[in-house]
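Notes for the one structure printed next.
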Amino acid sequence: MQVAVVTFDGFNELDSFIASALINRCRKDGLEAFVTTPTPVVTSMNGVEVTGQRPMEFVTEADVVLIGSGVRTRDVVADDRLISRLPLDPSRQLIGAQCSGALVLARLGLLNGMPACTDRTSRPFVEARGVTVLDAPFHSEGNIATAGGCLASQYLAAWVIDRTLGTDAARDVLDYVAPVGENDETVERALRAVDTGRTALR
């Protein structure tokens with residue numbers, strides 16, 4: 001199973017790297033994430049240059065697609081040609097978005113009346129697209145999920161692992177990366193956020 005972590009120019013490092021790092025702890029179980037970019041090299045909001053592991057076209061074959069956030073997401077959703085390179089299909093793919101990535105899902109018409117989570121800065125822009133924004137770190141309906149707040153990227157990754165490999169696999173990954181002495185608290189908080197934010201499959 002392959003995960004495309006879509007990463008645009010101006011990306012937030014926490015969003016792309018935390019999700020990728022957590023998911024890639026499941027490589028031995030057949031789940032692998034790749035930083036997927038529209039150009040060979042993208043530069044983060046803090047000037048970190050990253051070479052994409054997969055081109056944007058990879059999203060069509062990925063089993064899971066996660067849309068990261070960044071300081072140029074509004075430019076992304078205004079770019080018809082760039083948006084056209086994201087032909088996502090929630091009937092066969094798990095699709096998630098982090099923070100301003102919710103704008104991309106709204107632009108693609110994937111939220112379809114469902115509420116979303118996003119960060120405080122992006123909230124008014126997501127609401128301007130007619131999306132109800134929740135005061136919560138994570139929400140999912142069926143095969144679509146959104147997370148709000150940089151560190152909520154762990155919840156998005158946990159959702160992917162839970163949906164593809166099961167809760168025990170998600171628990172193992174979260175336990176491994178948890179701060180020493182806070183393992184149980186960290187694992188239970190993340191799994192509770194994913195469970196609380198989940199609605200019945202549509």
query = Do V65 and V77 share a hydrophobic cluster (ILVMFWY, side-chain heavy atoms under 4.5 Å, transitive)?
reply = yes

query = Got a donor-acceptor contact below 3.5 angstrom from the S100 side chain to the G70 backbone?
reply = yes

key: Atom pair CZ/CZ of F125 and R123 - distance to nearest 0.5 Å   = 13.5 Å

query = So, does R85 use its side chain to make a donor-acceptor pair with the main chain of P38 at under 3.5 Å?
reply = yes

key: Closest non-hydrogen atom pair between T39 and V41, with its separation   = OG1-O, 2.9 Å

ask   = Does T43 offer a backbone N or O that forms a donor-acceptor pair with the side chain of D9 under 3.5 Å?
value = yes

ask   = Got a second to check how far L191's CG is from D162's CG, nearest 0.5 Å?
value = 7.0 Å

Residue pair R171, E188: steps toward the salt bridge (Lys or Arg N to Asp or Glu O under 4.0 Å) verdict = CA-CA 8 Å; R171 184 181 297 276; E188 293 310 317; 2.6 Å; yes

query = Are the side chain of S84 and the backbone of R81 linked by a donor-acceptor contact shorter than 3.5 Å?
reply = yes

request  = Assess whether atom CZ of R129 is packed by more than 12 heavy atoms of other residues, nucleotides or ligands within 6.0 Å.
outcome  = yes

query = So, the side chain of Q93 versus the backbone of V59: is there a donor-acceptor pair under 3.5 Å, distance only?
reply = yes

query = M114 and V104: same hydrophobic cluster, using ILVMFWY side-chain contacts below 4.5 Å?
reply = yes

message = I'd like to know if the side chain of S153 reaches the main chain of C150, judged simply by a donor and an acceptor atom lying under 3.5 Å from each other, with no hydrogens or angles considered.
response = yes

request  = With rounding to the nearest 0.5 Å, note down the distance linking CD in E32 to CZ in R27.
outcome  = 5.0 Å

remark   = When rounded to the nearest 0.5 Å, the distance separating CG of N46 from CG of N12 is 7.5 Å

query = Quick one: CG on N143 to CG on L88, what's the gap to the nearest 0.5 Å?
reply = 12.0 Å

inquiry  = Please find the pair of heavy atoms, one from Q2 and one from F34, that lie closest to each other, and give the distance.
reply    = OE1-CE1, 3.9 Å

query = Going hydrophobic residue to hydrophobic residue with side-chain gaps under 4.5 angstrom, can you get from L82 over to I67?
reply = yes

note = With H139 as partner, the option from V133, L134, I144 fulfilling side-chain contact (heavy atoms from CB on, under 4.5 Å) is L134

query = Between N24 (side chain) and S20 (backbone), is there a donor-acceptor pair under 3.5 Å?
reply = yes

query = Is there a side-chain contact between E141 and N112, using heavy atoms and a 4.5 Å cut-off?
reply = no

ask   = Would a distance-only check, ignoring hydrogens and angles, find a side-chain to backbone donor-acceptor pair under 3.5 Å from T146 to A116?
value = no

query = What's the shortest heavy-atom distance between T118 and C99, and which atoms?
reply = OG1-O, 2.8 Å

ask   = Does a side-chain N-to-carboxylate-O contact under 4.0 Å join R92 and D89?
value = yes

ask   = When you check the side-chain N and O atoms of S44 and E13, is any donor under 3.5 Å from an acceptor?
value = yes

task = Before accepting this row, confirm whether a basic side-chain N of the pair D63/R163 lies closer than 4.0 Å to the acidic partner's carboxylate O.
result = no

task = Please report the shortest heavy-atom distance between A170 and A158, naming the atom on each side.
result = CB-O, 3.9 Å

Pair S16-T7, side-chain donor/acceptor within less than 3.5 Å = yes

Single-linkage hydrophobic cluster, 4.5 Å side-chain cutoff, V126 and I95 together = yes

key: A178 backbone acceptor or donor facing N183 side chain under 3.5 Å   = no

query = Under 3.5 Å, is there a donor-acceptor pair between the side chain of Q98 and the main chain of S69?
reply = no

R120/D135 salt bridge by N-O under 4.0 Å criterion = no

task = List the steps, then state whether side-chain contact (heavy atoms from CB on, under 4.5 Å) holds for M45 with F11.
result = CA-CA 5 Å; M45 60 192 293; F11 71 95; over 6 Å; no

ask   = How does the hydrophobic cluster around L22 look, that is, which other residues are in it when side-chain heavy atoms under 4.5 Å mark a link?
value = M1, V3, V5, L14, I18, I23, L31, V64, L66, L94, F138, L151, Y155, L156, W159, V160, I161, L165, V173, Y176, V177, V194

key: Separation between CD1 of I83 and CG of D79, rounded to the nearest 0.5 Å   = 7.5 Å

query = If you draw the axis of the six-membered ring of F8, does the NZ or CZ of R72 fall within 45° of it and under 6.0 Å from the ring centre?
reply = no

